[in-house]
Amino acid sequence: MKLKLLYFARLKDAFGRDAETLDSEAATVAALLAELRARGGAWAEELAEGRVFRVAVNQELAAPQAALAAGDEVAIFPPVTGG
C-alpha cells in the first residue's frame with residue numbers, strides 16, 4: 001500500500017527530505033517505524049527507541065499500535081513548544 005510520509009524540523013534535516021511516498025506493507029505505526037529504522041544511518045538513529053518524536057496519521061496523533069491503511073498520510077516530527 002502507498003503511504004505519504006512527511007518529516008518536520010530536525011527529522012527533515014537528518015533525512016534530507018521533507019516528504020516521500022512509500023510503498024509499504026506496515027500494518028501499524030510501529031511496523032512502519034521499524035521499516036524506516038531498517039534503512040540504517042540517520043533513520044535508525046533518529047527513530048530509535050527512546051528518541052523523542054511524535055507520529056500523526058491523517059493529522060491525528062497516533063500511538064505505535066495505530067493501524068495504517070492505503071493512502072494514509074503519516075507525519076513524523078519532534079515535539080514542539082510554543083505559545
Side-chain angles (χ1 to χ4, degrees):
M1 71 182 158
K2 295 221 183 278
L3 301 170
K4 181 176 182 179
L5 305 183
L6 304 173
Y7 310 109
F8 295 94
R10 77 165 199 273
L11 299 179
K12 176 176 74 173
D13 295 336
F15 301 155
R17 64 186 80 174
D18 62 358
E20 68 178 300
T21 299
L22 181 68
D23 193 5
S24 173
E25 296 303 318
T28 65
V29 167
L32 174 63
L33 293 174
E35 183 177 328
L36 294 174
R37 280 192 292 271
R39 291 176 171 180
W43 300 91
E45 181 179 324
E46 292 291 345
L47 301 176
E49 298 289 333
R51 290 295 300 230
V52 178
F53 60 88
R54 302 285 184 263
V55 177
V57 177
N58 299 323
Q59 302 182 10
E60 297 284 335
L61 286 177
Q65 66 273 19
L68 296 174
D72 279 349
E73 177 186 88
V74 180
I76 306 173
F77 52 96
V80 294
T81 60

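With 3.5 Å as the limit, one finds no donor-acceptor pair spanning the side chains of Gln65 and Thr28.
Using a cut-off of 4.0 Å between Lys/Arg side-chain N and Asp/Glu carboxylate O, Arg39 and Glu45 are scored as not salt-bridged. The residues Arg10 and Glu46 are annotated as salt-bridged, a charged nitrogen and a carboxylate oxygen being separated by less than 4.0 angstrom. Ion pairing of Arg37 with Glu49 is present here, as a side-chain N (NZ or NE/NH1/NH2) and a carboxylate O approach within less than 4.0 Å.
A donor-acceptor pair under 3.5 Å is absent between the side-chain atoms of Asn58 and the main chain of Asp72, judged by distance alone.
Note on ring orientation: taking the six-membered ring where Trp is involved, the planes of Tyr7 and Trp43 are perpendicular (angle over 60°, cut-offs 30° and 60°).
Residues Leu6 and Val55 fall into different hydrophobic clusters, defined by Ile, Leu, Val, Met, Phe, Trp and Tyr side chains chained together at heavy-atom separations under 4.5 Å. One hydrophobic cluster holds both Phe53 and Val57 under the rule that ILVMFWY side chains link at heavy-atom gaps under 4.5 Å. Linking Ile, Leu, Val, Met, Phe, Trp and Tyr whenever their side-chain heavy atoms come within less than 4.5 Å leaves Leu11 and Phe8 in two separate clusters.
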Q: Could you please spell out the steps behind the side chain to side chain contact (heavy atoms under 4.5 Å, CB included) verdict for Ile76 and Phe15?
A: CA-CA 11 Å; Ile76 306 173; Phe15 301 155; 5.6 Å; no
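Legend: residues meeting side-chain hydrogen bond (donor to acceptor under 3.5 Å, both in side chains) with Asp13, ordered by chain and number and at least two apart, are absent.
Taking CG from Leu68 and CD from Glu25, the interatomic distance works out to 11.5 Å, rounded to the nearest 0.5 Å. Atoms CG and CE, on Asp23 and Met1 in that order, are 9.0 Å from each other to the nearest 0.5 Å. To the nearest 0.5 Å, atoms CG (Asp18) and CG (Leu5) are separated by 11.5 Å.
Proximity of Pro79 to Val52: side-chain heavy atoms (C-beta onward) are separated by under 4.5 Å at one or more points. The shortest side-chain heavy-atom distance between Leu32 and Leu22 falls under the 4.5 Å cut-off. Glu73 is not listed as a side-chain neighbour of Leu3, based on a closest heavy-atom distance of 4.5 Å or more.
Closest approach of Ser24 and Ala26 over heavy atoms only: OG-N, 2.9 Å.
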